[in-house]
Amino acid sequence: MIVAKNISKYYSHKEVLKNLSFNLDTNSITVLFGPSGSGKTTLLRCLSLLDYPESGKLNIFNSTYDFNSKLTKNIKPNSKINLVYQQLFLYPHLTNRENILIAIDDFNSSKKELFKNLTKLLEIEDVLENYPNQSSLGQKQRIAIARVLILEPDYILFDEITSALDIVQTNNIIRLIKDLKNKGIGSLIVTHNMYVIKKLADKLVFMQNGKIIEEGGSEILKTPTTVELKSFLK
Ligand code: ADP
Ligand code: MG
C-alpha cells in the first residue's frame, strides 16, 4: 500500500501538486490521466522519491517519508518502487544490454535467468548489442521497461510509455502489466489511451491543475460527476 497525505510540490513559486492525499493499492493497476501540465509526471517523480515534495508525508510499503521534516535531503529512493520514464533516458553511449544492466552490481545466475526471460518476453533479444539510436522507439521503450523490471520492484510507475507503440506492441505491454499484477506487482500508469485504460485499469484517477478531481472505476468515464472531467472527456 502507498499512502500519500497532503503532498504539495512547488517549482519555484508555482504550486504544481496541491495538497494531494490518496491511497494506492500496490496489488492492482491504477490509471492516472488528465490534461497536459496537470502534474502527473511530477507526482510520479515524487512517488519514486526522485524528487521531493515541499510538504506532506508518504508511506511506501511501510516506510514513512516525512517531507515536513528537515531531514528530507537524506532520503534514498525505495527499491520497492521504480519508474519507467516518459523520456526513457537511455544512455546513448551504452548498448541496449548495458543500459538494461546499468544498476545491477551483481549479475548473478538468478539475474542472468531473469535477463534472459525478460528480453525474450519483451522481444528485444536481437537488439541487445545495438545502441539506443540504432533502435526503434518501441524497442527503446521495451529496453527501458526491462531496465526497471530487472531490478525486481514491487510496484511500477509507467509514464505514457505506450504512446509510440503499435497495437501489437501495446498488447504485449498490456499482457506484461497484467502478468506482473498476477504476481502481485501492481502499477500506476499514466496514459490517455482508452484501449489501454479499458484493458488494464482497476481504478482511474483524474487529475487537473495539481489536484485529484475525481477517482473511481471505469464508470467515471461514462458518468463523470465533476464538471472538470465532463469537459475533459468531451
Ligand atoms: P503532466 O505530466 O501532467 O503533463 P508535469 O508534471 O510534467 O505535468 O508538469 C506540471 C507543471 O509543472 C507544468 O506546469 C510544468 O510546466 C511544470 N514543471 C514540470 N517540471 C518542471 C521543472 N523541472 N521545473 C519547472 N517547472 C516544471
Ligand atoms: Mg507528463
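Side chains included, hydrogens not; waters and symmetry mates left out as well; all remaining heavy atoms used. Order of appearance sets the numbers: ligands from 1, and atoms from 1 within every ligand.
Remark: the Thr170 side chain and the Asn193 side chain contain no N/O donor-acceptor pair separated by less than 3.5 Å. Defined by atom type and a distance below 3.5 Å, a donor-acceptor pair is present between the side-chain atoms of Thr41 and Asp159.
For atom 24 (N) of ligand 1, the nearest protein heavy atom is under 4.0 Å away. At a distance under 4.0 Å, no protein heavy atom can be found next to atom 15 (C) of ligand 1.
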Hey, can you pull the donor-acceptor pairs under 3.5 Å for the side chains in residues 13-20, sequence neighbours left out?
from, atom 1, to, atom 2, distance (Å)
Lys18, NZ, Asn209, O, 3.3
Lys18, NZ, Asn209, OD1, 3.3
Asn19, OD1, Asn6, ND2, 3.1

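Residue Lys57 places its NZ atom among 12 or fewer non-hydrogen atoms of other residues, nucleotides or ligands, all under 6.0 Å distant. Atom CG of Asp105 has 12 or fewer heavy atoms from other residues, nucleotides or ligands within 6.0 Å.
At least one N/O-N/O distance between Gly39 and ligand 1 falls below 3.5 Å.
Applying the 4.0 Å criterion to heavy atoms of Ser36 picks out, from ligand 1, the atoms 4 (O). Proximity to Ser38 (heavy-atom distance under 4.0 Å) selects the following atoms of ligand 1: 1 (P), 3 (O), 8 (O).
Between Phe232 and His192, the ring-plane angle classifies as tilted under the 30° and 60° cut-offs. Phe67 and Tyr65 have parallel rings, their planes meeting at less than 30° on a 0 to 90° scale where 60° marks the start of perpendicular. Under the 30°/60° scheme for interplanar angles, the aromatic rings of Phe33 and Phe206 are found to be tilted.
In terms of protein heavy-atom proximity, atom 4 (O) of ligand 1 is nearest to Gly37 N, 2.7 Å. Scanning the protein heavy atoms around atom 17 (C) of ligand 1, the nearest turns out to be Tyr11 CD1, 3.9 Å.
Of the listed options Val190, Thr41, Val16, Val16 places a heavy atom closest to atom 11 (C) of ligand 1.
Listed by chain and number, the protein atoms of type N/O/S under 2.8 Å from the Mg ion (ligand 2) are Thr41 OG1; waters are omitted.
For the pair Lys203 and Asp25, the salt-bridge criterion is not met [side-chain N within less than 4.0 Å of a carboxylate O].
Residues Leu151 and Ala103 approach most closely at CD2-CB, 3.9 Å, considering heavy atoms.
Within the 4.0 Å heavy-atom criterion, both parts of Thr42, backbone and side chain, lie near ligand 1.
Between the side chain of Lys178 and the backbone N or O of Leu200 there is no donor-acceptor pair closer than 3.5 Å.
Using a non-hydrogen distance threshold of 4.0 Å, Lys14 registers as a contact of ligand 1.
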